[in-house]
A.B. asks: 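Sharing a structure here in structure tokens format.
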Amino acid sequence: MILVTGGAGYIGSHTCIELARVGHEFVVFDNFSNSTPAVLARMEQIIGRPVIWHAGDVRDPAALDKVFAGHPVSAVLHFAGLKAVTESISQPIDYFDHNVHGSIALMGAMARAGCKTLVFSSSATVYGPEQPMPVAEDAPCAVSNPYGRTKLVVEDLLNELGRSDPQWRIATLRYFNPTGAHPSALIGESPLGTPSNLMPLVCQVAAGIRPSLQIFGDDYPSPDGTGVRDFVHVMDLAEGHVAALDFLTKNQARIVVNLGTGHGTSVLEVIQTFERVSGQRVPYEIVPRRDADIGISFADVRLARELLGWVAKRDVDEMCRDAWRWQAANGS
Ligand code: NAD
Ligand code: WQD
């Protein structure tokens, strides 16, 4: 049985679908601060069987102990946490509380239950801004916001935990830019309030919810001058988690691995691809660079291929198509 914290959220819910597809049993633990139980009903529609879940907060040791007591948990996928960079600047205490304190409480409960296999959601945001691309896992880390700092602190803690007790099996996965949705359009990304990530904004402009997209800068050293990112389909990420779990089952190891495609796509290319596959127009205007934005980011994905045998299979066409299908079916 796999415990999935934050399993009703964007990446967690898609990963649960993949867990079910390959025959893993799982239990979702989520406080629904950024999701709703309705997601679980959608997941049941996709997998064709009930989803086991508990409402609870990862900062609550008693709630976690209850879950471990009630299920034979062999490994944990830890997605639960807060993830908005800008919000983290105004609410650093909340971010450290959910992301760091929450992770510490989880590790404590795991240790008490004798479950020492963990996959942790980290982020490419931990890499310093001046790294040559593609960026590999041994590049220096440097963070400029509280959200990124919480990821690095937990990474450091996991390192120390593994050093103190080699029985721990830990995969720290650094996601690049997750996007897209399940092809059924039953689950996808549902940002609360105004989205800040590119693809949800593109979708909302295409749906007429917003008049136009602002492109933050066209003077980066990329072929068309707009920013470049390593967009990775959320179903590929889901498969990456299952691959990490398989790796940890076979190896008593601690690994840190990038999950991306290894290819950069510019903001303008995303818009053009989206317009082509959706048949919708995405009006845009060029505005100055966003504060503290990095220009170009894409992953060195050799380690993921070597260690996990995982390679992202879906291209930007598929990411845009699935994101739009989700928006068209569920957006208001
Ligand atoms: P999400 O907000 O959609 O999902 C997180 C889930 O965790 C939500 O369902 C939320 O209700 C739950 N949650 C939050 N705090 C909790 C707590 N204290 N206790 C229990 N549940 C709690 O986010 P996501 O995009 O699916 O991200 C999942 C993980 O991946 C996060 O840790 C995030 O930092 C990391 N990550 C996300 C991205 C991205 O761009 N989406 C990129 C890199 C890393
Ligand atoms: C992508 C590109 C923007 C919006 C953030 C977090 C990071 C990680 C992923 C969690 C950039 C451009 C965007 C818009 C634009 N999350 N853009 N107009 O910046 O790579 O990373 O999400 O770990 O921590 O910082 O993603 O989607 O915000 O931006 O031109 O309205 O789109 O400048 O080039 P980013 P993003």
Side-chain angles (χ1 to χ4, degrees), residues 4-15 28-37 39-40 54-60 63-64 77-86 88 94-95 97-99 101-103 105-106 119-127 143-145 147-148 150-151 154 173-179 187-192 194-202 204-205 210 212-218 220 222 226-232 234 237-238 241 259-260 264-268 270-271 284-298:
V4 186
T5 74
Y10 174 45
I11 305 170
S13 60
H14 290 78
T15 301
V28 168
F29 184 83
D30 201 301
N31 70 356
F32 302 111
S33 59
N34 199 33
S35 56
T36 66
V39 173
L40 303 164
H54 297 276
D57 197 297
V58 282
R59 296 166 298 174
D60 179 351
L64 288 169
L77 302 185
H78 180 34
F79 296 98
L82 305 182
K83 63 163 180 177
V85 171
T86 313
S88 78
D94 285 344
Y95 272 70
D97 194 24
H98 284 264
N99 294 4
H101 172 192
S103 297
L106 177 65
V119 178
F120 172 63
S121 299
S122 190
S123 169
T125 203
V126 300
Y127 293 118
V143 288
S144 57
N145 58 72
Y147 167 72
T150 65
K151 291 294 174 190
V154 175
L173 303 180
R174 292 178 176 160
Y175 316 149
F176 277 66
N177 289 70
T179 190
I187 57 170
E189 188 173 11
S190 311
L192 291 178
T194 305
S196 57
N197 289 123
L198 180 65
M199 189 64 87
L201 284 163
V202 168
Q204 293 194 356
V205 172
R210 295 172 193 282
S212 75
L213 182 85
Q214 295 191 321
I215 295 185
F216 299 137
D218 65 351
Y220 285 110
S222 68
T226 63
V228 167
R229 292 291 185 275
D230 188 337
F231 299 97
V232 54
V234 66
L237 273 192
H241 286 77
L259 293 188
T265 305
S266 75
V267 174
L268 215 44
V270 169
I271 294 172
Y284 64 83
E285 54 174 331
I286 309 286
V287 300
R289 291 180 179 193
R290 186 168 62 179
D291 267 357
D293 228 350
I294 56 167
I296 299 179
S297 161
F298 57 98

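None of these values were measured; they are calculated from a predicted model. Because only heavy atoms are used, hydrogens play no part in the values below, and waters and symmetry mates are left out as well, while side chains stay in. Both counts, for ligands and for their atoms, begin at 1 and track the order of listing.
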A.B. asks: Using a strict 4.0 Å cut-off to heavy atoms of Ile215, name the atoms of ligand 2 that fall inside it.
C.D. replies: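 Answer for ligand 2: 30 (O).
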
A.B. asks: Tell me whether Ala124 reaches ligand 1 (any heavy atom closer than 4.0 angstrom to a ligand atom).
C.D. replies: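 Checking ligand 1 against Ala124, which is what was asked, there is no heavy-atom contact under 4.0 Å.
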
A.B. asks: Can Thr5 be said to touch ligand 1, with heavy atoms closer than 4.0 Å?
C.D. replies: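 In this structure, Thr5 fails to qualify as a contact of ligand 1 - no heavy atom is under 4.0 Å.
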
A.B. asks: For the pair Phe120 and His78, name the ring-plane relationship: parallel under 30°, tilted 30 to 60°, perpendicular over 60°.
C.D. replies: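 Tilted: the ring planes of Phe120 and His78 meet at 30° to 60°.
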
A.B. asks: With a cut-off of 4.0 Å, which atoms of ligand 1 are near a heavy atom of Ser33?
C.D. replies: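 Checking each atom against Ser33, I get 10 (C), 11 (O), 13 (N), 14 (C), 15 (N).
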
A.B. asks: For ligand 1, which atoms have a heavy atom of Tyr10 less than 4.0 angstrom away?
C.D. replies: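 The list of qualifying atoms is 1 (P), 3 (O), 4 (O), 25 (O), 26 (O).
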
A.B. asks: So, regarding Gly227 and ligand 2 (criterion: nitrogen or oxygen to nitrogen or oxygen, under 3.5 Å), is there a contact or not?
C.D. replies: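 In this structure, Gly227 places no N or O atom under 3.5 Å from an N or O of ligand 2.
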
A.B. asks: To which of Val28, Ile11, Asn31, Leu173 does the heavy atom nearest atom 41 (N) of ligand 1 belong?
C.D. replies: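 The nearest heavy atom belongs to Ile11.
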
A.B. asks: Measure Thr226 to ligand 2 on non-hydrogen atoms and call it side chain, backbone, both or neither using the 4.0 Å cut-off.
C.D. replies: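 The answer is neither; Thr226 stays 4.0 Å or more away.
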
A.B. asks: Heavy-atom distances under 4.0 Å decide this one: backbone, side chain, both or neither, for Tyr147 against ligand 1?
C.D. replies: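 Side chain only.
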
A.B. asks: Heavy atom to atom 22 (O) of ligand 2, shortest distance: which of Leu213, Val143, Asn197 holds it?
C.D. replies: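 Looking at heavy atoms only, Asn197 sits closest to atom 22 (O) of ligand 2.
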
A.B. asks: List ligand 1 atoms under 4.0 Å from Ala8, heavy atoms only on the residue side.
C.D. replies: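 By the 4.0 Å cutoff, the relevant atoms are 9 (O).
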
A.B. asks: Determine, using heavy atoms of Tyr175 and all atoms of ligand 2, whether some pair is separated by less than 4.0 Å.
C.D. replies: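 Tyr175 does not count as a contact of ligand 2 under the 4.0 Å cut-off.
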
A.B. asks: Identify, by atom number and element, the atoms of ligand 2 in contact range of Asp293, meaning under 4.0 Å from any of its heavy atoms.
C.D. replies: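 Listed by number with element, the hits are 3 (C), 19 (O), 33 (O).
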
A.B. asks: Looking only at protein heavy atoms, which one is nearest to atom 20 (O) of ligand 2, and how far off is it?
C.D. replies: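 For atom 20 (O) of ligand 2, the nearest protein heavy atom is Arg229 NE, 2.5 Å.
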
A.B. asks: Any atoms of ligand 1 less than 4.0 Å from a non-hydrogen atom of Ser35? List them with their elements.
C.D. replies: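 This gives 8 (C), 9 (O), 11 (O) as the contact atoms.
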
A.B. asks: List ligand 1 atoms under 4.0 Å from Gly56, heavy atoms only on the residue side.
C.D. replies: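 Matching atoms, with element in brackets: 19 (N), 20 (C).
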
A.B. asks: Side chain or backbone of Leu201 under 4.0 Å from ligand 2, or both, or neither, by non-hydrogen atoms?
C.D. replies: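 Leu201 to ligand 2: side-chain contact only, backbone stays beyond 4.0 Å.
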
A.B. asks: Quick one: list whatever passes ring pair (Phe, Tyr, Trp, His ring centres under 6.0 Å) with Phe176, sequence neighbours left out.
C.D. replies: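 Partners of Phe176 by the ring pair (Phe, Tyr, Trp, His ring centres under 6.0 Å) criterion come out as none, since no residue qualifies.
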
A.B. asks: Quick one: look up the protein heavy atom nearest atom 29 (O) of ligand 2 and list residue, atom name and how far away it is.
C.D. replies: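 Among all protein heavy atoms, the one nearest atom 29 (O) of ligand 2 is Arg290 NH2, 3.4 Å.
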
A.B. asks: With nothing but distance in play, are any N or O atoms of Lys83 less than 3.5 Å from an N or O of ligand 2?
C.D. replies: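 Lys83 vs ligand 2: no N/O contact under 3.5 Å.
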
A.B. asks: When you look for heavy atoms under 4.0 Å from ligand 2, do you find them on the side chain of Leu198, its backbone, both, or neither?
C.D. replies: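 Contact part for Leu198 vs ligand 2: both backbone and side chain.
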
A.B. asks: With atoms numbered from 1 as shown, which atoms in ligand 1 lie under 4.0 angstrom from a non-hydrogen atom of Ser121?
C.D. replies: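 Near Ser121, the atoms of ligand 1 are 29 (C), 30 (O), 32 (O), 35 (C).
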
A.B. asks: Just heavy atoms, cut-off under 4.0 Å: does Ser196 contact ligand 2 by side chain, backbone, both, or neither?
C.D. replies: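 Only the backbone of Ser196 comes within reach of ligand 2.
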
A.B. asks: Just jot down the ligand 2 atoms closer than 4.0 angstrom to any heavy atom of Gln214, in number order.
C.D. replies: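 Those of ligand 2 that fall under 4.0 Å from Gln214 are 14 (C), 15 (C), 18 (N), 30 (O), 31 (O).
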
A.B. asks: Show me which atoms of ligand 2 lie under 4.0 Å from any heavy atom of Thr125.
C.D. replies: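 Those of ligand 2 that fall under 4.0 Å from Thr125 are 24 (O).
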
A.B. asks: Any atoms of ligand 1 less than 4.0 Å from a non-hydrogen atom of Phe32? List them with their elements.
C.D. replies: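 It comes down to these atoms of ligand 1: 11 (O).
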
A.B. asks: Starting from atom 10 (C) of ligand 2, locate the nearest protein heavy atom and write down its residue, its atom name and how far away it is, to 0.1 Å.
C.D. replies: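 Nearest protein contact, heavy atoms only, for atom 10 (C) of ligand 2 is Tyr147 OH, 3.2 Å.
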
A.B. asks: For ligand 2, which part of Arg289 has a heavy atom less than 4.0 Å away: the side chain, the backbone, both, or neither?
C.D. replies: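 No part of Arg289 is near ligand 2 at this cut-off.
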
A.B. asks: Starting from atom 6 (C) of ligand 2, locate the nearest protein heavy atom and write down its residue, its atom name and how far away it is, to 0.1 Å.
C.D. replies: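 Protein heavy atom at minimum distance: Val85 CG2, 3.7 Å.
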
A.B. asks: Can you check which of Tyr95, Phe29, Tyr175 brings a heavy atom nearest to atom 43 (C) of ligand 1?
C.D. replies: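 Considering heavy atoms of Tyr95, Phe29, Tyr175, the nearest to atom 43 (C) of ligand 1 sits in Tyr175.
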
A.B. asks: With the threshold set at under 4.0 angstrom, would you say Ser190 reaches ligand 1 through any of its heavy atoms?
C.D. replies: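 No, that is not the case, since the closest heavy atom of the residue is not under 4.0 Å from the ligand.
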
A.B. asks: Ligand 1 versus Lys151, non-hydrogen atoms closer than 4.0 Å: side chain, backbone, both, neither?
C.D. replies: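 For Lys151, the contact with ligand 1 is made by the side chain alone.
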
A.B. asks: List every atom of ligand 2 that sits less than 4.0 Å from any heavy atom of Ser123, numbering the atoms from 1 in the order shown and giving each element.
C.D. replies: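 Checking each atom against Ser123, I get 10 (C), 23 (O), 24 (O).
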
A.B. asks: Ignoring hydrogens, just give me the one of Val267, Ile11, Thr86, Ile296 whose non-hydrogen atom is nearest atom 12 (C) of ligand 2.
C.D. replies: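 Among Val267, Ile11, Thr86, Ile296, the closest heavy atom to atom 12 (C) of ligand 2 belongs to Val267.
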
